[in-house]
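Worksheet: one structure, shown below.
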Amino acid sequence: MAATVGRERMSSVDTAWLRMDRPSNLMMIVGIDVFERPVDTAALRAVIEERLLAFDRFRQRVEYDATGAAWWVDDDRFDLDAHLVPHRLDGEAGDVELQRFVAELAITPLDPERPLWQFHLVHGYKGTDALVARIHHCIADGIALVRVLLSLTDDAPPPSGTRRRARAAGPGGDEHGDAELTSNPWRPFLQPITAGAVKAIEATGSAIGATGSAVARSVRIAGDPEKLADVAQAAQRVIVDAARIALMTSDTQTCLKGVPGVAKGIAWNEPLPLDDVKLVCRALGASVNDVLMSCVAGALRTYLRGRGEDTTGCEIRAMVPVNLRRTDGPIRLGNAFGLVPLELPVGIANPIARLQEVRRRMDNLKGGYQAVLAYTLLEVVGRAPKLVQDPILHYVASKATAVMTNVPGPKEPLSLAGRRLSRMMFWVPQSGDIGFGVSILSYAGGVQFGVIADRKLCPEPQQLIDAFKPQFEALMLICAMLPPDMLGGVLDADGLEHALFGEPPKAVA
């Protein structure tokens with residue numbers, strides 16, 4: 001065998017994601033681009049060769065050394081034909097046929113002897129083509145991969161500073177994950193932390209275990225402690241957030257929670273108009289995330305009640321990724337995000353009360369350090385043997401029902417290989433025994449919901465996705481009924497009832 005050109009040790013966080021693979025949940029990010037017209041295969045191949053393969057990771061496979069450490073190694077047998085694979089759907093294929101095909105891909109492992117990605121060019125979907133991407137999470141997180149895939153589009157500039165002949169990127173880091181930490185991507189999240197906070201984290205090391213010293217080290221990497229403020233407040237919040245992770249109880253037991261099988265179901269909806277979503281946000285004094293997450297909670301309520309479950313007091317915990325990297329500058333691969341737990345108030349029937357509670361919980365998460373702590377936990381377990389990693393991650397995953405992510409996409413339609421893309425969708429993997437994932441992506445004026453679910457726990461994911469739109473329409477109806485002078489403020493359930501129905505009638509003695 002010819003000598004390999006490059007060899008680089010995989011970061012500890014990326015190693016943690018690599019080792020999370022299990023038959024019931026493969027750690028692949030799956031995405032779909034739908035073309036308005038059939039695409040020319042040669043043109044698409046040329047774009048992949050020029051732009052995607054400019055990133056080292058897409059030419060590298062994974063090797064393990066005698067200690068079990070993972071390494072990125074240039075694949076001297078790289079063959080693009082093994083990674084760009086054609087497929088034709090039978091007959092007059094529509095959503096059901098494409099969903100079935102994607103669901104099968106979601107449970108099919110990538111070839112471990114090759115770079116851990118594959119594109120499937122699907123012909124015959126509604127008279128056009130679709131490109132299904134499967135990329136292992138150890139290569140990059142969702143934010144980075146969206147930027148990579150956008151770099152393939154016709155209007156994007158060629159990737160810079162990532163070609164194999166320009167591997168070195170100077171003292172500020174390279175295209176990969178860990179080096180980015182030296183350029184301080186966490187500064188916006190860590191402003192309150194000071195030297196005193198770092199000492200407080202170290203002091204709690206005996207209670208938090210290895211995570212305590214690792215957090216302290218990550219804080220020093222991420223920012224300059226001597227220049228930051230609010231020592232006691234930051235230290236207290238870090239300790240509280242660490243305790244919340246360590247002492248997290250399980251969420252409500254529903255039919256969506258259990259030991260998953262292998263078969264998956266894939267579903268998506270027709271996009272909601274982004275302008276309508278923003279209109280509701282302005283009218284009700286909420287953020288886009290608040291509105292969309294409250295719609296997810298309402299859809300879960302509808303689905304569970306349809307399956308005969310009592311949703312009184314129901315709380316479904318979703319692990320929500322929080323980006324810890326800058327999104328400007330060169331594209332950097334690897335994983336730089338933390339997972340924070342968001343309890344969705346599924347038991348609240350009133351849509352405004354539910355939105356209000358989601359907003360309160362989201363605001364509370366924004367003020368904390370759980371994302372950084374979760375990232376550090378992955379760093380710690382990624383350095384530990386797999387026998388140590390598995391029970392730790394299983395413990396965290398057992399406390400949640402779903403993984404849920406919201407990624408802002410391009411505002412204008414894009415073209416790939418000379419063909420405009422009519423739709424973009426993606427699905428996130430679930431770790432441990434989590435069998436349910438929701439992905440939200442905005443593209444070209446629309447908001448796309450996608451669901452991937454274990455067939456054993458959620459046999460009909462399309463029923464769940466179909467419940468999203470009615471939940472949003474309920475909020476739209478409320479906005480239409482409100483008097484103009486009430487629009488634009490933060491509305492609570494009592495204020496809504498008073499605005500719509502006035503003062504309740506007085507009791508007659």
Side-chain angles (χ1 to χ4, degrees), residues 34 142-143 146-147 150 153 155 188 268-302 318 320-323 327-328 340 342 344-345 348 350-367 404-414 420-426 428 438-451 465-493 495-496 499-500:
V34 179
I143 292 289
V146 166
R147 294 193 69 197
L150 293 181
T153 60
D155 297 330
W268 57 76
N269 69 330
E270 288 299 315
L272 300 174
L274 182 57
D275 286 344
D276 288 352
V277 175
K278 291 181 177 179
L279 179 65
V280 170
C281 293
R282 289 193 297 268
L284 300 180
S287 71
V288 171
N289 260 342
D290 297 337
V291 168
L292 296 180
M293 292 299 182
S294 69
C295 289
V296 172
L300 286 167
R301 176 183 174 84
T302 299
V320 180
V322 174
N323 181 39
T327 55
D328 57 350
V340 299
L342 172 65
L344 295 171
I348 299 178
N350 185 306
I352 293 296
R354 188 167 57 239
L355 172 59
Q356 181 185 18
E357 182 60 18
V358 168
R359 180 174 57 230
R360 186 190 68 79
R361 296 179 184 187
M362 294 283 282
D363 288 344
N364 186 55
L365 287 175
K366 292 172 188 175
M404 195 170 303
T405 186
N406 181 9
V407 176
K411 298 178 181 179
E412 303 297 330
L414 300 177
R420 177 167 288 196
L421 299 176
S422 61
R423 181 177 289 192
M424 299 176 66
M425 299 174 282
F426 78 107
V428 293
V438 177
S439 302
I440 306 172
L441 176 69
S442 59
Y443 171 66
V447 179
Q448 179 77 65
F449 286 86
V451 165
I465 204 94
D466 288 343
F468 290 164
K469 185 177 180 181
Q471 293 298 321
F472 177 72
E473 288 175 340
L475 294 177
M476 286 278 289
L477 178 61
I478 290 170
C479 293
M481 296 173 65
L482 285 174
D485 61 337
M486 291 197 64
L487 297 177
V490 177
L491 196 66
D492 60 28
L496 170 68
L500 295 180

*Pro271 and Gly446: which non-hydrogen atoms are nearest, and at how many Å?*
CB-CA, 4.0 Å
*List the steps and the verdict of side-chain contact (heavy atoms from CB on, under 4.5 Å) for Gln448 and Tyr443.*
CA-CA 8 Å; Gln448 179 77 65; Tyr443 171 66; over 6 Å; no
Name each donor-acceptor pair under 3.5 Å that joins a side chain in residues 272-281 to protein atoms two or more places apart or in another chain, with its distance.
none

*For the pair Arg359 and Asp363, evaluate side-chain contact (heavy atoms from CB on, under 4.5 Å) and give the outcome as yes or no after the intermediate values.*
CA-CA 6 Å; Arg359 180 174 57 230; Asp363 288 344; 3.8 Å; yes
*So, for Ala283 and Cys479, which heavy atoms are closest and what is the spacing to 0.1 Å?*
CB-SG, 3.6 Å
*Would you say Pro321 and Val428 make side-chain contact, with heavy atoms under 4.5 Å?*
no
*asked:* Checking Ser422 now: which residues fulfil side chain to side chain donor-acceptor pair (under 3.5 Å) with it, not counting sequence neighbours?
replied: none
*What distance separates Leu344 CG from Leu300 CG, expressed to the nearest 0.5 Å?*
6.5 Å
_Straight-line distance of Leu355 CG to Gln471 CD, nearest 0.5 Å_ = 11.5 Å
*Can you find a pair of side-chain heavy atoms, one from Leu342 and one from Met404, that are under 4.5 Å apart?*
no
*Closest approach of Val407 and Thr405, non-hydrogen atoms and distance?*
CG2-OG1, 3.9 Å
*asked:* How close do Pro408 and Leu441 get, counting heavy atoms only, and between which atoms?
replied: C-CD1, 4.4 Å
*Gap separating the CZ atom of Phe468 from the CD1 atom of Ile440, nearest 0.5 angstrom*: 7.0 Å
*To the nearest 0.5 Å, what is the distance between CG (Asp466) and OG1 (Thr302)?*
11.0 Å
*Can you name the residues that form a salt bridge (charged side-chain N to carboxylate O under 4.0 Å, His left out) with Arg420, not counting sequence neighbours?*
none
_Spacing of CD1 belonging to Ile478 relative to CD belonging to Glu473, to within rounding of 0.5 Å_ = 12.5 Å
*Applying side-chain contact (heavy atoms from CB on, under 4.5 Å), run through Gln356 and Ile348 and close with a yes or a no.*
CA-CA 10 Å; Gln356 181 185 18; Ile348 299 178; over 6 Å; no
*Is the shortest distance from a Lys or Arg side-chain nitrogen in Arg354 or Glu357 to a carboxylate oxygen in the other one below 4.0 Å?*
no
*Step by step, work out the side-chain contact (heavy atoms from CB on, under 4.5 Å) result for Val291 and Val358.*
CA-CA 8 Å; Val291 168; Val358 168; over 6 Å; no
